[in-house]
Amino acid sequence: MSNLPIYLDYNATTPCDPQVVETMLPYFTTQFGNAASRQHALGWQAEEAVDYARQQVAALVGADATEIIFTSGATESNNLALKGAVEMYAGKGNHIITCVTEHKAVLDACKHLEKQGVAVTYLPVDEKGLIDLGQLEAAILPATILIAIMYANNETGVIQPVQAIGRIAKQHNVLFFTDATQAVGKIPVQVMTDEIDIMSFSAHKLYGPKGVGALYVRRKNPRVRLTAQIDGGGHERGLRSGTLNVPGIAGLGKAAELCRLQLAAEGQRLSQLRDKLEGALLELGGVSVNGDREHRLPHVTNLAFQYIEGNALMLGFNKHIAVATGSACTSASMEPSFVLKALGLADELARSSLRFSLGRFTTEEEIDYTIQKVSETVQTLRKLHPLNS
Ligand SMILES: *Cc1c(COP(=O)(O)O)cnc(C)c1O
């Protein structure tokens, strides 16, 4: 293999598509205007670029362009959604419902809100990583203002029953917010059919640049209102002040367009490669898939390797293949993944789990190499394991 290491960590971040970079470049130099400068052509050009990107992003998720707010990424979008809704709807109630396997950007924002007196229900997941809709419905109280359930999990790729959640939320007159960072651009996410009221996503997970993201905020049926968390200047309809990151936004727009055009074919190509990888590694024996295999992103597999020490497994091939352990990437300690533990995995098995996430530049040759390298490492390490001798 010439291009080592092989990158199979697309859920952590994606490279920018070269066409995205090309789209961004003029906005750093010749077309450097401030999109809020209404008095001259440089400002108008920048505003036009932002408007165009807003349409490209809206088209990807079936929204209206006026419903897209640009932010610095999904972490900010999640914070704005949660804190902005809690603040805006304080008169209605102070209870939100979320789930134990959410991204830290949701869980930590919820913890922050709890300190301020907000009641938070954390729904469990079953051994497949899915929430129970009956439990969700039972958790709704008169004081509930928001249901926050992610679209697809970043570690396992498991897709929640979003459409059903949206319907339940609507029936109970509760807002439905979803962190769709891992789903948008990969599978068909449509805010109308999925009955989503608020949705966050990020450019760097869909072949755009880092540091730019979006929040979809529904404008009708119902009209969602959020309290801004960053004040000053009134940009983005007053929801997110600050001079717009024009190159980044233009890049996100282009990235969204490319994803929209390639989504169906890429989903098929990647699921075939993923299934090839997964199938070959399952044949080693003592390997199992973490999370539901049916309701899952096409490009992700999270595998538990029995009778192996997790660290050793990584060290065995991480010079050649970039993958992630199941554990949260935020933590330098070897804490086992809270997501995998929520599925009921013992600490040891959670530690010896690996997430393989494929993407646009993954080739079959790379998958073949990965199968060979991981299989070798697993077989070598198992010979050393006391339970095998
Ligand atoms: C990556 C990720 C985030 C954070 O996105 P940033 O743009 O890096 O802040 C939030 N939620 C999920 C599910 C993610 O995968």
Side-chain angles (χ1 to χ4, degrees), residues 7-16 20 57 60-61 68-83 98-112 125 129-131 147-160 162 165 176-187 189 194 196 198-216 229-230 240 242 245 248-249 251-253 255-256 259 291 295-300 302 322-331 337-340 342 355-359:
Y7 188 71
L8 293 176
D9 201 12
Y10 280 82
N11 278 19
T13 194
T14 57
C16 270
V20 167
V57 170
L60 177 62
V61 298
I68 301 296
I69 303 295
F70 291 119
T71 66
S72 65
T75 298
E76 186 192 332
S77 294
N78 287 346
N79 274 268
L80 173 56
L82 290 159
K83 295 172 183 172
T98 186
C99 155
V100 291
T101 53
E102 291 292 310
H103 191 271
K104 285 290 181 191
V106 167
L107 293 174
D108 289 353
C110 285
K111 266 191 233 153
H112 178 102
V125 293
L130 293 162
I131 64 157
I147 294 169
I149 303 288
M150 72 198 322
Y151 207 113
N153 186 268
N154 43 305
E155 289 192 27
T156 59
V158 169
I159 299 169
Q160 296 292 349
V162 169
I165 298 169
F176 174 35
F177 157 58
T178 189
D179 175 351
T181 309
Q182 293 291 350
V184 168
K186 318 293 169 59
I187 54 173
V189 172
D194 292 337
I196 294 163
I198 313 169
M199 179 171 82
S200 52
F201 49 106
S202 183
H204 79 97
K205 301 279 174 80
L206 47 89
Y207 310 96
K210 292 166 182 61
V212 57
L215 187 68
Y216 160 78
Q229 301 298 304
I230 298 179
R240 202 280 189 176
N245 172 2
I249 290 167
L252 170 54
C259 282
H295 304 104
R296 188 167 53 147
L297 294 170
H299 59 282
V300 182
N302 191 313
V323 296
T325 56
S327 63
C329 41
T330 44
S331 124
S337 152
F338 71 90
V339 170
L340 297 183
R355 174 186 73 189
F356 299 85
S357 46
L358 288 59

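Every number for a ligand or one of its atoms is a count from 1 in the order of the listing.
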| query | Do any N or O atoms from the side chain of Glu155 and from the backbone of Thr325 form a donor-acceptor pair under 3.5 angstrom? | reply | no
| Just how far is it from atom OG1 of Thr71 to atom CZ of Phe201, taken to the nearest 0.5 Å? | 9.0 Å
| message | Is the contact between Lys205 and ligand 1 made by the side chain, the backbone, both, or neither, using heavy atoms and a 4.0 Å cut-off? | response | side chain
| request: For the residue pair Thr181 and Ser202, confirm or rule out a side-chain donor-acceptor distance under 3.5 Å. | output: no
| Counting from 1, what ligand 1 atoms have a heavy atom of Ser202 closer than 4.0 Å? | 6 (P), 7 (O)
| Proximal ligand 1 atoms for Ala74, defined as those under 4.0 Å from one of its heavy atoms | 3 (C), 4 (C), 5 (O), 6 (P), 7 (O), 9 (O), 10 (C)
| request: Write out the residue and atom name of the closest protein heavy atom to atom 11 (N) of ligand 1, then the distance separating them to 0.1 Å. | output: Asp179 OD2, 2.6 Å
| field | Those atoms of ligand 1 less than 4.0 Å from some heavy atom in Gly73 | value | 7 (O)
| field | Those atoms of ligand 1 less than 4.0 Å from some heavy atom in His204 | value | 6 (P), 7 (O), 8 (O)
| said: Ignoring hydrogens, what is the shortest heavy-atom contact between Met150 and Gln160? Give both atom names and the distance. | reply: O-CG, 3.4 Å
| task | List the steps, then state whether side-chain contact (heavy atoms from CB on, under 4.5 Å) holds for Ser72 with Asn245. | result | CA-CA 8 Å; Ser72 65; Asn245 172 2; over 6 Å; no
| query | ligand 1 and Thr75, any nitrogen or oxygen pair closer than 3.5 angstrom? | reply | yes
| query | Given Ser200 and Phe177, is the side-chain contact (heavy atoms from CB on, under 4.5 Å) satisfied, shown in steps? | reply | CA-CA 8 Å; Ser200 52; Phe177 157 58; 3.6 Å; yes
